[in-house]
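Order of listing sets the numbers, starting from 1, for every ligand and every atom in it. One is the number of the first residue; the rest follow in order along the sequence.
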Amino acid sequence: MTAPLHPDTVAVHSGRSDLTALGVHALPLDLSTTNPLPDIERGGESYEAMATGGRPPADGSMVYARLWNPTVARFEEALAELEHAEAAVAFASGMAAMTAVILAHTGTTGARHVVAVRPLYGGTDHLLGSGLLGVDVTYCQPEEVAAAVRADTGLVVVETPANPTLDIADIADVVRQAGGVPVVVDNTFATPVLQNPIDLGAAMSLHSATKYLGGHGDVIAGVVACDERTAEALRRVRAVTGGLLHPLGAYLLHRGLTTLPLRVGRQQESARRIVQWLIDRPEVAEVFYPGLDGDPRGILARQMRGTGAMIAMRLRGGYAAAATVVGATELFTHAVSLGGVDSLIQHPAALTHRPVPAEARPGADVLRLSIGLEDAGDLIADLERAFVALAASSDDAPAVEERGRVRS
Ligand SMILES: *Cc1c(COP(=O)(O)O)cnc(C)c1O
């Protein structure tokens with residue numbers, strides 16, 4: 001018996017077990033929408049197997065690409081291995097993945113209630129509160145999950161570190177409070193490099209693969225790692241509703257996984273330097289980054305292998321200061337999304353968290369930074385340039401306290 005492989009090795013080799021038999025080395029890209037059927041009987045049986053969430057039978061056919069695609073399946077196998085899960089199911093976006101998770105745990109199970117731990121990514125908060133999926137939602141804090149669970153609760157949703165203020169929830173404790181109710185952890189910010197929710201008892205680890213997994217800002221995708229039984233339920237929703245990932249996206253994601261540990265490690269290193277620099281800046285009222293309070297409850301030590309490369313900060317000078325800073329950086333692009341090779345800066349209250357009710361929305365003085373692969377010194381110089389612009393713009397502006405109330 002050999003020792004388990006290091007995650008760096010898994011990232012490079014996973015999801016490739018059939019390539020040698022195919023006689024190829026690099027990942028193949030299979031774009032067929034339809035597939036030949038051996039005969040009517042086995043074609044029909046194959047369809048039946050996959051429309052109910054199964055895999056294509058050995059002597060059957062993949063039938064149709066809404067049911068199965070080998071390029072997507074290889075990416076799923078790789079992600080499952082990185083997440084220490086039996087299986088994974090990929091979707092057209094992170095939101096399609098979350099929609100399928102909610103439908104699979106409410107629609108047909110008689111459960112109509114979802115417990116959602118805040119803060120959450122604005123889109124997830126919006127989806128749950130929209131009424132579109134016909135579910136009742138109770139929003140709560142991580143320590144209130146047990147009190148929020150009801151007899152008809154089908155799912156608990158939690159995100160950690162959470163978008164945008166990097167709040168940390170204790171995954172094992174949320175799972176314990178949930179009792180038997182399945183918990184989905186949005187693991188987008190941590191990636192499987194830093195955190196494996198399934199090892200902590202979560203039923204599912206969900207990613208907006210658009211972010212770190214893709215890593216290059218050119219794929220919209222989502223993926224859920226889970227056990228095979230849950231994967232069947234999710235594949236059934238995917239086959240029926242059609243929120244599937246295009247094989248080109250899966251190909252790019254699978255290729256991107258090979259550098260995921262390297263990227264996250266380097267981005268985290270730069271983020272830590274930038275956090276240390278931001279803490280001392282007079283323009284910054286508060287820095288949000290995991291572990292800045294020293295991990296008093298030991299949660300980070302129990303569930304994470306690092307603190308990641310997402311930073312949020314609250315500026316003295318409120319909304320006006322935030323507007324000046326996002327307009328003044330040059331290396332940091334003012335844009336939503338995160339986790340790519342290049343650094344981004346954005347204003348959550350106006351953008352990613354715009355649909356969130358005011359009481360749960362981040363402040364108008366908060367900016368979120370996604371640290372890329374540029375040199376950390378260059379990124380610090382870029383932020384410094386923006387802070388200098390801020391000082392220049394505030395010379396003839398109203399007092400800081402007043403401007404802080406411009407929009408809140
Ligand atoms: C972006 C994001 C999502 C939504 O993913 P899409 O791929 O944009 O649909 C979900 N959760 C988190 C934490 C995100 O950052």
Side-chain angles (χ1 to χ4, degrees), residues 72 75 79 83 88-103 114 116-130 132-133 155 157-169 171 183-192 194-195 197 202 204-225 234 238 241-246 249-250 252-253 256 264 267 288 290 304 308-312 335-340 344-349 351-356 360-362 366-372:
V72 175
F75 163 66
L79 195 275
E83 278 287 28
V89 185
F91 294 89
S93 67
M95 294 318 301
M98 186 58 87
T99 299
V101 165
I102 296 166
L103 288 175
V114 174
V117 177
R118 270 181 173 154
L120 285 169
Y121 169 67
T124 307
D125 204 291
H126 188 200
L127 173 68
L128 288 164
S130 67
L132 284 171
L133 302 182
L155 181 69
V157 181
V158 61
E159 185 176 311
T160 181
N163 193 343
T165 40
L166 291 307
D167 297 39
I168 300 292
I171 295 173
V183 174
V184 58
V185 176
D186 188 327
N187 202 29
T188 300
F189 271 34
T191 84
L194 303 180
Q195 179 169 275
M204 291 160 278
S205 173
L206 178 147
H207 295 269
S208 168
T210 312
K211 314 296 170 50
Y212 284 101
L213 302 188
H216 296 73
D218 52 11
V219 183
I220 294 264
V223 65
V224 184
L234 293 173
R238 184 177 65 180
T241 62
L244 58 135
L245 175 60
H246 190 274
L252 290 168
L253 287 169
V264 169
Q267 287 164 329
F288 303 95
M304 295 189 79
M310 296 300 298
I311 305 169
V336 292
S337 198
L338 59 104
L344 303 177
I345 186 166
Q346 71 111 5
H347 187 264
L351 289 155
T352 44
H353 291 68
R354 195 180 188 94
V356 177
R361 202 184 302 145
V366 172
L367 291 177
R368 191 190 73 187
L369 307 174
S370 170
I371 306 306

Pairs involving residues 118-128, ordered by first then second residue, that meet side-chain hydrogen bond (donor to acceptor under 3.5 Å, both in side chains) (sequence neighbours left out): Arg118-Asp125
Expected output: side-chain Asp167 to main-chain Thr160 donor-acceptor under 3.5 Å: no
Distance, nearest 0.5 Å, that separates OG1 of Thr188 from CD of Glu159: 6.5 Å
Salt bridge (charged side-chain N to carboxylate O under 4.0 Å, His left out) against Arg238, all qualifying residues, sequence neighbours excluded: Glu76
Partners meeting side chain to side chain donor-acceptor pair (under 3.5 Å) with Thr99 (sequence neighbours left out): none
Atom of Ala312, atom of Thr165 and distance for their closest heavy-atom approach: CB-CA, 4.3 Å
What does the contact table look like for ligand 1 (nitrogen or oxygen on each side, cut-off under 3.5 Å)?
| unit_1 | atom_1 | unit_2 | atom_2 | d |
| --- | --- | --- | --- | --- |
| ligand 1 | 5 (O) | Ser208 | OG | 2.9 |
| ligand 1 | 7 (O) | Gly94 | N | 2.9 |
| ligand 1 | 7 (O) | Ser208 | OG | 2.9 |
| ligand 1 | 7 (O) | Thr210 | OG1 | 2.7 |
| ligand 1 | 9 (O) | Gly94 | N | 3.0 |
| ligand 1 | 9 (O) | Met95 | N | 2.9 |
| ligand 1 | 11 (N) | Asp186 | OD2 | 2.6 |
| ligand 1 | 15 (O) | Asn163 | ND2 | 3.2 |
| ligand 1 | 15 (O) | Lys211 | NZ | 2.8 |

